[in-house]
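Model, not experiment: these values are computed from the prediction. Counting starts at 1 for both ligands and their atoms, following the listed order.
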Amino acid sequence: MSNLRKISDIVPLRFENGKVIWLNTKAIPWKEEYKESRNYEDVAKAIETMEVRGAPAIGVMAAFGVAAAVYNSQGNISELYDVALRAIDRLSKTRPTAYNLFWALDRMKGKASTLLSDNVSPNEFRQELVNEALQIQREDIEINKKMGEVGSRVIKDGDVILTHCNTGSLATAGFGTALGVIRSAWLQGKNIRVIATETRPLLQGARLTMWELSKDGIPSKLITDNMVAYAMKYEGVTKVILGADRILTSGYVANKIGTYGISILAKYHGADFYVVAPTSTIDRTEAKDIVIEKRKPDEVKTVLNLVDITVKDVEVLNPAFDVTPPELITGIITEKGIAYPPFKESLKKFIQESG
Ligand SMILES: CSC[C@H]1O[C@H](OP(=O)(O)O)[C@H](O)[C@@H]1O
């Protein structure tokens, strides 16, 4: 009865003897298919095609890609350093919005630079970069469980929680961010119900979130994206809890397309609106705007490339994310605590604490 296994114990990403191994989320809920490669180009493609997706998962996968590049290369340490830089450059071009990708690649580059200046042996260079990538993975799981503990404090018995896209074990190194908060409240015995949006066009909610919720036995309902207002009015939604791909220190949050609309509906219907993300999602560069990934038109013109749903030559909009302003956000749940407005001060404090 493996499908009754607690989803929270799944390990979607692994690094073993120079191989990157990943759960192909595009195959879920139809099958649990693991893929593997020693080649950072395959890792990059897995991120671009969203076999691995979700901001924290993308960061861990990219770190594994750099580690695999160096582990499987020969040469002296300056040659290995150049291999690491080529892998970092390629992986940095996979998806532009999730800040965790750049946070993880910067951390791997910093480690490689330190090792180079310490003039370590080639084997030590390889092993230390692998260790750094494995540490990023371990930290992500620990941070997710900490956010679960911190965030579940705002969840009460009787809450009806709406969530969007997928922010669980299938979007991270394990346990999840927003879905980790929901999971923690459930494991504490709180009487909650979850409403998950299908999340067009790639259906992360219908395919991944409902797969996770059903494995954990958490009472939940699936809705189409255009039912959010109806659910808030007739299903008594009390809280919205969802993830983030990039958070500016001003409190502007980039998340899956549809999030901005949900925040407006939450305000109108008096539901609290919480964003859950590790501090590695916060853009420390004081940026004023966020690059929003535009994906291929076919994602909108078909259902998962299985069936055409419109006429051939229509023009399409396909932004993968939108931006929610701070005035529509109740709080931002991180592993350092819950940031409340004014976010400039509260987020800065958490960034300083996490280094
Ligand atoms: C904890 S995952 C955060 C975030 O990533 C997802 O985007 P995608 O599936 O395109 O990688 C979604 O926006 C989640 O909220």
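- Nearest heavy-atom pair, Ala62 versus Leu91, reported as atom, atom and distance to 0.1 Å: O-CD1, 3.5 Å.
- The stretch residues 301-319 participates, sequence neighbours left out, in these salt bridge (Lys or Arg N to Asp or Glu O under 4.0 Å) pairs: Asp308-Lys312.
- Applying the salt bridge (Lys or Arg N to Asp or Glu O under 4.0 Å) test to every pair with at least one member in residues 257-280, sequence neighbours left out, gives no pairs at all.
- One N or O on the side chain of Asp322 and one on the backbone of Gly258 form a donor-acceptor pair closer than 3.5 Å.
- Evaluation of the salt bridge (Lys or Arg N to Asp or Glu O under 4.0 Å) test over residues 114-124, restricted to residues two or more places apart or in two chains, returns none.
- No side-chain heavy atom of Glu139 sits less than 4.5 Å from a side-chain heavy atom of Glu335.
- Protein residues with any heavy atom under 4.0 Å from ligand 1: Met50, Arg53, Gly54, Ala55, Pro56, Arg95, Cys165, Asn166, Thr167, Ala171, Thr177, Gln204, Gly243, Ala244, Asp245, Asn255, Lys256, Phe321.
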